[in-house]
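What follows is a single structure, written as structure tokens, with notes after it.
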There are 2 protein chains.
Amino acid sequence: MPDARVPVSTVVYDALRADILSGRVRPGDGIPSERTLSERFEVNRHAVREAVKRLQQAGLVQVSHGGATRVLDWRRTGGLELLVDLPPEDVGVARAAYELRACIAADVAARAAARATDEDRASLAARAAAFAAAREHCVATDGPVSPGPALLDAYRELWDVLVDATGNIAYRLAYNSLLHGEDAVTAVAVIYLRDELLDAETTDALVAAVLDSDADAARAAAATLTAHTLTALSPTEAPSR
Amino acid sequence: MPDARVPVSTVVYDALRADILSGRVRPGDGIPSERTLSERFEVNRHAVREAVKRLQQAGLVQVSHGGATRVLDWRRTGGLELLVDLPPEDVGVARAAYELRACIAADVAARAAARATDEDRASLAARAAAFAAAREHCVATDGPVSPGPALLDAYRELWDVLVDATGNIAYRLAYNSLLHGEDAVTAVAVIYLRDELLDAETTDALVAAVLDSDADAARAAAATLTAHTLTALSPTEAPSR
DNA sequence: AGAAATTTGTTCGTATGTATT
DNA sequence: CAATACATACGAACAAATTTC
């Protein structure tokens, strides 16, 4: 099933967004008028309007009444939710995303340790046990080379509890933005999270530190957890740009 | 001028979004049908459609073809771009936003020091000089009590260069999300950034560290810069929630 | 400066497929 | 299975703002 009944306005939105994010159309350029687009995509003008409104909300274009709709520089006007929509073949994007995640994870660990309620700790213990079980099952079944999506889900739920335990809505929303793309992102994520998923010792230390309200130890454990992938993704070479 | 020519679909979108983010309608609830909403707001159904599509994109509602449109739990499905749309009177939101910013700022400082190009350093030096000038002018004119929006702009441009110098698109987009609300947010920001804006010694140390490629010193300076407001916003009391 | 053409903003009407009852 | 409510989609038209001549 190639299309799966996706609304026409979404087709237009995805096409235009891809053009902008990939750089095929550059900031300052004007996009065709609504009537032109409706002819090109063979859809109603209302569908084009919905798509353009969504582009505007995403900070990708600026529309002016009567004038041309111009493409903005999404690097300056776009929000974090664009990250998962960026071309996934770019390893620089993966490095950038992982660096931000590592940065937030360390803070989340520390604040969760400092602020977790008794309910949070109970949830954390349960999730940690579920993750440990999934990990053992995974290693026994698939071997340590390829952690499956089931293990990733358990790990995700573990961090879900930690993020909630910080009581910080900004961490929660940023965390959401980092893994909103359900399809390709998780496939990529399981690659970059491999070292974390299989480092039983450090994850256990992280959970123990949070349960023990030891913020410094929790931060250190989170840093250790991400250190390997971080150095692997950020070698000595200068950033691409 | 009370309305300033804002499109009707945006009026509907803002109203519904405010209802959801403020908790007046709860996750799982159904929102009225398009026809009902078009009658209530006295606008055409197409306008309602655009608004609902945008709510859907923001992760606030889930629409199903023949069924009712249901409200989602935006704490789980929303992205970081929602942060600046949250009710500003909630001090917990301000604390959350500042904590995330402080977390990212420390990493940005360190990575900028490690990766800044010669062009970045030249830009940084220029921005730092402009900020220092604005600061002296501000202190001489208004006194140290109320840093104006001009100083805030100069400070924002200073960090703009630092974020760009990291070569990390994720930091850039997250940074954008944190200050996308141009109106009320900056007014609030100048309050919480007051200690940073007037700490000449530490900002100078930060700039010097980055120019000197001293990542550890840059991180430490950024941490010092945010430490005061961080402790002021996060006292001994447990998080609200 | 002013008029015409272009473009977005908005509304009405209509038809169709889908989910709920 | 039928009826109803709903989202999806298309078409035509006019209003308002901008650009261009």
Side-chain angles (χ1 to χ4, degrees), chain A residues 1-17 19-20 25-74 77, chain B residues 1-17 19-20 25-74 77:
Chain A
M1 58 199 92
D3 70 325
R5 288 263 54 83
V6 51
V8 283
S9 67
T10 301
V11 174
V12 179
Y13 171 74
D14 288 340
L16 294 178
R17 184 186 60 181
D19 282 341
I20 297 174
V25 298
R26 310 188 69 84
D29 291 351
I31 68 174
S33 72
E34 292 180 354
R35 285 177 179 81
T36 307
L37 288 173
S38 68
E39 291 176 9
R40 180 177 305 177
F41 287 97
E42 295 180 329
V43 297
N44 192 276
R45 199 178 136 221
H46 290 296
V48 174
R49 268 187 64 78
E50 288 178 7
V52 172
K53 265 264 157 45
R54 289 171 64 183
L55 290 175
Q56 183 181 15
Q57 179 179 356
L60 267 39
V61 302
Q62 183 184 33
V63 329
S64 50
H65 191 154
T69 300
R70 273 202 290 271
V71 177
L72 295 174
D73 183 2
W74 53 267
T77 59
Chain B
M1 62 196 82
D3 69 325
R5 286 266 55 88
V6 52
V8 284
S9 66
T10 302
V11 174
V12 179
Y13 171 73
D14 288 340
L16 294 177
R17 185 186 60 182
D19 282 341
I20 297 174
V25 298
R26 309 188 70 85
D29 291 350
I31 68 175
S33 72
E34 291 183 354
R35 286 177 180 81
T36 307
L37 288 173
S38 69
E39 291 175 9
R40 180 176 305 175
F41 288 96
E42 296 180 328
V43 297
N44 190 271
R45 277 187 47 228
H46 288 298
V48 175
R49 256 186 77 78
E50 289 178 6
V52 173
K53 265 265 159 41
R54 289 171 65 183
L55 289 175
Q56 184 181 13
Q57 179 180 352
L60 297 177
V61 302
Q62 183 184 32
V63 324
S64 47
H65 190 128
T69 299
R70 272 201 292 271
V71 176
L72 296 174
D73 183 2
W74 53 269
T77 59

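Proteins come first, then strands; the chains are lettered A, B, ... in the order of their sequence lines, and each starts at number 1.
Judged by distance alone, with hydrogens and angles left aside, the side-chain atoms of Thr77(B) form a donor-acceptor pair with the main-chain N or O of Gly59(B) at under 3.5 Å.
Rounded to whole Å, the distance from CD on Gln56(B) to C1' on dT8(D) is 12 Å. Taking atom CG of Leu37(B) as the reference point, atom C1' of dC6(D) lies 12 Å away to the nearest angstrom. The distance from atom OH of Tyr13(B) to atom C1' of dT10(C) is 21 Å, rounded to the nearest whole Å. The nearest whole Å value for the distance from the CD atom in Glu34(A) to the C1' atom in dG9(C) is 8 Å. The distance between atom CD1 of Ile31(A) and atom C1' of dT8(C), rounded to the nearest whole Å, is 11 Å. Rounded to a whole Å, the CZ atom of Arg35(A) is 12 Å from the C1' atom of dT10(C). With rounding to whole Å, Arg49(A) atom CZ is found 17 Å from dT8(D) atom C1'. The CG atom of Asn44(B) sits 16 Å away from the P atom of dC10(D) (whole-angstrom rounding).
Contact check, Thr69(B) against dA7(D): a side-chain N or O comes under 4.0 Å of OP1 or OP2.
Comparing Gly66(A) and Glu50(A) against DNA chain D, the residue whose closest nucleotide sits nearer the 5' end is Glu50(A). Each of Val63(B) and Arg70(A) has a nearest nucleotide on DNA chain D; the 5'-most of these lies closest to Val63(B).
Thr69(A) contributes atom OG1, which lies 6.5 Å from atom CD of Glu34(A) (distance to the nearest 0.5 angstrom). To the nearest 0.5 Å, atoms CG (Asp14(B)) and CZ (Arg54(B)) are separated by 7.0 Å. Of the inter-residue distances, the one linking Ile20(A) atom CD1 with Leu60(A) atom CG reads 4.5 Å to the nearest 0.5 angstrom.
Distances from the side chain of His65(A) to the nucleotides dA17(D), dT11(C), dC10(D) place dA17(D) closest. With dA9(D), dT10(C), dC10(D) as the candidates, the nucleotide lying closest to the side chain of Pro7(A) is dA9(D). Checking dC10(D), dC6(D), dT7(C) against the side-chain heavy atoms of Ser33(B) singles out dC6(D) as nearest.
Among the atoms of the strands shown, none is found under 4.0 Å from any heavy atom of Ser9(A). Within the nucleic acid shown, Val52(B) has no heavy atom closer than 4.0 Å to any nucleic acid atom.
The base of dT10(C) does not come close enough to the side chain of Arg45(B) for any donor and acceptor atom to sit less than 3.5 Å apart. Checked by distance alone, His46(A) brings no side-chain donor or acceptor within 3.5 Å of a matching partner on the base of dA9(D).
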Please tabulate, one pair per line, all N/O donor-acceptor pairs under 3.5 Å involving side-chain atoms of residues 61-68 of chain B, not counting sequence neighbours.
residue, atom, partner, partner atom, Å
Ser64(B), OG, Ala68(B), O, 3.4

